[in-house]
Structure formats: structure tokens, C-alpha cells
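This report refers to the structure that appears directly beneath it.
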Amino acid sequence: MRLAVIGSGYVGLVAGACFAETGNDVLCVDADSEKVARLRRNQIPIHEPGLEPMVRRNQDAGRLRFTDRLEEAVEHARVIFIAVGTPPMEDGSADLSHVLEVARNLARLIREPTIVATKSTVPVGTAARVDAVLREHGAVAVEVCANPEFLKEGAAIEDFMRPDRVIVGTEHEPTREVMRELYAPFTRQGGERLIFMDPASAEVTKYAANAMLATRISFMNQVAGYCEAVGADVHRVRQGIGADHRIGRAFLYPGPGYGGSCFPKDIRALLHSSDEHGVPMELLAAVETVNERQKRVLLEKVRRFAGPGLSEKVVAVWGLAFKAETDDVRESPALAVIQGLLEDGASVRAHDPHAMESARRVFGDRIAYADNPYEAASGADVLVVVTEWLLFRTPDFDRLGRIMRHRLIIDGRNLYEPDRLQALGFEYHGIGRRHP
Ligand code: NAD
């Protein structure tokens, strides 16, 4: 099928590459011509496992192309996906200016029957708005459907190729038929994974899914705080509740608070939308408040255990990305920790396997960037683990013990066992762990 994807970020680039991988002829469009030029040379602007070889192989085969010209996409495609950013506005609502700009520009160009699918995360009613904009500006024979994306950064290819579900919001049967054919290679295994519904329900499904996941995180973070206060171990509690099939094991890990480009902004957008519709979601407001507080928990532990006064202290930070396997630092808990440490006058030495360049755009030379985890920890008074990279899971503790000035580890991801760390001579503090 001839497809176009507008916006070549985490979602658009992955979707474009995966659609090409299954034999479609895909044109990816991005307004950033420099990015387009780099993509044509197979230079991938983001870290996403498996993406570079997939882009290369499909470009080589001629199934995947990049352009900054929207008219080429319209000439080429029968289905056009809108996958541009929907960043947060000052008041928390989603900024739809990019989505609507694309719709206006498409309207001037579309002359053949075309399906326009909104893949960006957009508030309820946006597919209808895009439809209205298209018609208002003269597009004919266009069908708009909502097709929210559920991939996770760091596992985006895997998620797109083997999705838990694909949601398509349209009540137009011929559009359903096209989307069914397009998604068949991805949804064939494991029962019916393609779910059709009306556009509004599809749009709400995306926000509700992220809201549910964020709720689990904030819930576990509060349980962890409670465990610390009463001398229980959240690790055991997690095992205990996760064994209940009604609860399940996934997404029950306490940590330094959720971050990234989706959860924080999507929670705020849903809060804004529910307020606007007169049905405020108090539960979600609490989820966000808990998360904001949680982002300060590691900093407070550093102050409590490495203090008093951090101005003379060297703090090693392992991990800058908001989670492992991505270079994305948007709303990363590491940013909040480091910002607080700098305000306290600490010297920060950080290492992240893939997010150092992204972090450098935030902190410049206000922190030091170490080439490896041990260089970061060398001479440090405290080591703070913020991101759960595999690289940090089984460090050489003997070496760490020798090179650190003080053997103090604050572990924001509960990667290590308190008993073992104590036996190795470290003072160790996890999140909600019971200490020997
Ligand atoms: P991103 O910022 O990485 O990429 C957006 C891209 O769109 C950029 O390359 C930008 O240059 C391009 N763009 C902006 N305006 C444009 C225009 N008018 N024409 C052409 N290109 C334009 O964003 P992302 O992380 O890929 O997210 C895109 C959407 O998908 C958002 O709504 C996001 O909430 C949603 N989403 C993201 C994820 C994720 O994990 N990142 C997962 C699911 C859904």
C-alpha cells in the first residue's frame, strides 16, 4: 500500500519503518529538512534499538523514502498518518497547532480519495476537528480516522511489530477494510488484536491507558513510602500483590517518579480536558501530585544521608534518560535530581550510555559527563542510580568501593539487594526497601 507518515519523530519514524518492513511503499515527511537529509543517509536522530538497520534496509530496498515536501506525500499516498508532536501548553492542554497545520496544508493538496489517520496523541474530538478543517479547506473524498499509537520508547520496534492491540476509531466500513489490510501483518498472531471503535472512544482509550499506567506507578510509589515508614519491604509487597491475577505483575515498580514525553503531558491534558467538560478527574490530579513529590525523593535521600551541606560533595549520577533504552530526557526524574543537587552546590558527575548528548542540551557544562559508570563514581561521596540501564545492574562493587570517597548508594530503581550491599560495606538506600 502507498502510505505517508507526517512527522519523523519517535512515533512517525518507527511507524514508517515498520510499515515499510511489511512491504508497503512509505514516504515519511518532516518539516525539519536537516533531519530529512540525515535520515536519507540512514542517520537516525534518536536512540531506538533495531531502528537503524530497519531504516537502512528499507531505504536500500526503495520502500522507505524521506522528504520535507507535503505535496509529495499527498501525490504518493492512499493513507496518510499524522504523527507530529502534541506538546503541552502552559495550561496543560495539548497543543494541536502542528496537527491542525498539517490538516490545513493537506486540505489544499488532497484531490484523490485519501484516508487521514491521526496517530499523534490528541484530545477527544480531534479527529472530528481534523475532518472539519479538511472539508472547510476544500478536501474532498477524505476519511479521517483516529489511530492512536501505544509503542514504548526503548521497545518501539517490538511494540509496533507485535502490538498488544491496534485501535482504529472510525465508523466508515471501507476505511476499516483498508486499516484491517494494513495492520493484518502486525495483528495476526495471538487472537484479535485489531479493535475498531468510534473515533472519540479511540482517542479516550489512549489517554485512559497512559492514565492507568501512571496511576499504578504513583500508587506503588506511595506504597513504597509507606513501607519505608513502617519497616516493610516494597519488593515483597509487589510480589505479593502482583501474584493476584486481577492485579498482575507489570508496572508495579516504585522508582524516582515517571517522566518522558508522554505520561506527564498526557495526564495533564486529560486533567485539563476533564475539567473543561465539567467532570474533573480527582484521582488523576492526585497521581500527578504524588509524581511531582516522588521526583524529589532521591534528592531528599541524598540530602539526608550525604549531608549536611552538599557544597563540598561530589555526586555521581548513573542514568539521565527517563527510562532505559532511550536517549529521551524529556521530564526525566534525573533532571529534577540534578537541578536540586546543583542548587545545593554539589558537583555532579553523570554517566548515561545514550542520553549524554540530550542532557548536555539541558545542563551544558554545569555538570561533568563521564565516559563510563566508574569514571562518574570515582571520588564520589554518593552514587545515585536514576535510570535502570542493564549496564548498571551488576556493577563491580569491589571496584566501586575502592574508587568512591564514601560508600553510599541511593538506588532509585531498586536494582540491588540491601543485604548484599550492606555485606559489601556500602550504606544503601533504595525506594521502599527494608534495611537490615
Ligand atoms: P517527536 O517530537 O519526536 O517528533 C515529532 C516530529 O514531527 C518532529 O520530527 C517534527 O520536526 C515533526 N513536525 C512537527 N510539525 C510538523 C509539520 N507541520 N510537518 C511535518 N513534520 C512536523 O514526537 P513523538 O515522540 O514522535 O510524538 C509524536 C506524537 O505521538 C505525540 O502526540 C506523542 O504524544 C505521541 N506518542 C508518542 C510516543 C512516544 O513514546 N514518543 C508514544 C505514543 C504516542
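Remember, it's 1-based here, ligands and their atoms both numbered in the order they're listed. Predicted, not measured: the structure shown is a model, and the values here were computed from it.
- Figure legend: cation-pi geometry between Arg162 and Phe186 absent, as NZ or CZ is not positioned both under 6.0 Å from the six-membered ring centre and within 45° of its axis.
- The protein heavy-atom contact nearest to atom 16 (C) of ligand 1 is Val84 CG1, 3.5 Å.
- From the protein, the heavy atom lying nearest to atom 43 (C) of ligand 1 is Glu149 O, 3.2 Å.
- Residue, atom and distance of the protein heavy atom nearest to atom 24 (P) of ligand 1 are Tyr10 N, 4.0 Å.
- At least one N/O-N/O distance between Ala31 and ligand 1 falls below 3.5 Å.
- Any N or O atom pair closer than 3.5 Å counts here, and Lys119 shares no such pair with ligand 1.
- Using the six-membered ring where Trp is involved, His47 and Trp389 have ring planes that are tilted, between 30° and 60° apart.
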* Report the C-alpha separation of Val74 and Thr114 in whole Å, then their side-chain angles, then the decisive distance to 0.1 Å, and conclude whether the side-chain contact (heavy atoms from CB on, under 4.5 Å) test is met. => CA-CA 9 Å; Val74 173; Thr114 307; 5.7 Å; no

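- Protein heavy atom closest to atom 7 (O) of ligand 1, with residue, atom name and distance, is Gly7 CA, 3.5 Å.
- The N/O atoms of Lys35, backbone and side chain alike, include one that comes under 3.5 Å of an N/O atom in ligand 1.
- Heavy atoms of other residues, nucleotides or ligands lying less than 6.0 angstrom from CG of Asp365 number 12 at most.
- For the pair Glu72/Leu27, a side-chain contact is recorded, criterion being any heavy-atom separation below 4.5 Å from C-beta on.
- At a 4.0 Å heavy-atom cut-off, ligand 1 does not touch Lys152 at all.
- The closest approach between a heavy atom of Arg330 and any atom of ligand 1 is below 4.0 Å.
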* **Candidate pair Leu415 and Phe392, rule side-chain contact (heavy atoms from CB on, under 4.5 Å), full reasoning** => CA-CA 8 Å; Leu415 299 186; Phe392 303 146; 4.1 Å; yes

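- Residue-ligand proximity, Lys206 to ligand 1, at heavy-atom distances under 4.0 Å covers atoms 43 (C).
- In Cys262, the part holding a heavy atom less than 4.0 Å from any atom of ligand 1 is the side chain.
- Taking every heavy atom of Ser261 and a limit of under 4.0 angstrom, the matching atoms of ligand 1 come to 41 (N).
- For the side chain to side chain contact (heavy atoms under 4.5 Å, CB included) criterion with Asn24, the lone passing option out of Arg78, Met1, Arg2 is Met1.
- Distances below 4.0 Å separate heavy atoms of Ala83 from the following atoms of ligand 1: 28 (C).
- Of the polar atoms of Asp32, none of the N or O atoms is found under 3.5 Å from an N or O of ligand 1, judged by distance alone.
- If you number the atoms of ligand 1 from 1 as listed, the ones under 4.0 Å from a heavy atom of Thr86 come out as 31 (C), 32 (O), 34 (O).
- Residue Gly85 approaches ligand 1 through these ligand atoms, each under 4.0 Å from one of its heavy atoms: 5 (C).
- Residues Leu335 and Gln339 form no side-chain contact, since every pair of their non-hydrogen atoms from C-beta on lies 4.5 Å or further apart.
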Take Asp411 and Tyr428 through the test side-chain hydrogen bond (donor to acceptor under 3.5 Å, both in side chains) and record every step on the way to the result.
CA-CA 7 Å; Asp411 178 0; Tyr428 174 78; 2.5 Å; yes

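- Among all protein heavy atoms, the one lying closest to atom 35 (C) of ligand 1 is Thr121 OG1, 3.4 Å.
- When Leu96, Thr326, Asp30 are ranked by how near their heavy atoms come to atom 10 (C) of ligand 1, first place goes to Asp30.
- Atoms of ligand 1 lying under 4.0 Å from any heavy atom of Ile6, numbered from 1 in the order shown and given with element: 19 (N), 20 (C).
- Numbered from 1 in the order shown, with element, the atoms of ligand 1 that lie under 4.0 Å from a heavy atom of Lys265 read 33 (C), 34 (O).
- Contact annotation: for Val11 versus ligand 1, heavy atoms closer than 4.0 Å belong to both the backbone and the side chain.
- If you check which protein heavy atom lies closest to atom 42 (C) of ligand 1, you get Leu151 O, 3.5 Å.
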For salt bridge (Lys or Arg N to Asp or Glu O under 4.0 Å), just list the numbers for Glu149 and Lys206, CA-CA rounded to whole Å, side-chain angles, deciding distance to a tenth of an Å, and then say yes or no. CA-CA 8 Å; Glu149 180 50 57; Lys206 172 64 193 178; over 6 Å; no

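- Defined by atom type and a distance below 3.5 Å, a donor-acceptor pair is present between the side-chain atoms of Tyr183 and Asn147.
- Counting protein heavy atoms only, atom 15 (N) of ligand 1 is closest to His98 ND1, 3.6 Å.
- A distance of 6.0 Å or more separates the ring centres of Tyr369 and Phe363.
- By the 4.5 Å heavy-atom criterion applied to side chains, Lys323 and Glu153 are counted as neighbours.
- Close approach to Gly9 involves these atoms of ligand 1, each under 4.0 Å from a residue heavy atom: 1 (P), 3 (O), 4 (O), 6 (C), 9 (O), 26 (O).
- Remark: the backbone N or O of Ala346 is not paired with any side-chain donor or acceptor of Asp344 at under 3.5 angstrom.
- Between Phe263 and Phe322, the ring centre distance reaches or exceeds 6.0 Å.
- The nearest heavy-atom contact from the protein to atom 18 (N) of ligand 1 is Val102 CG2, 3.6 Å.
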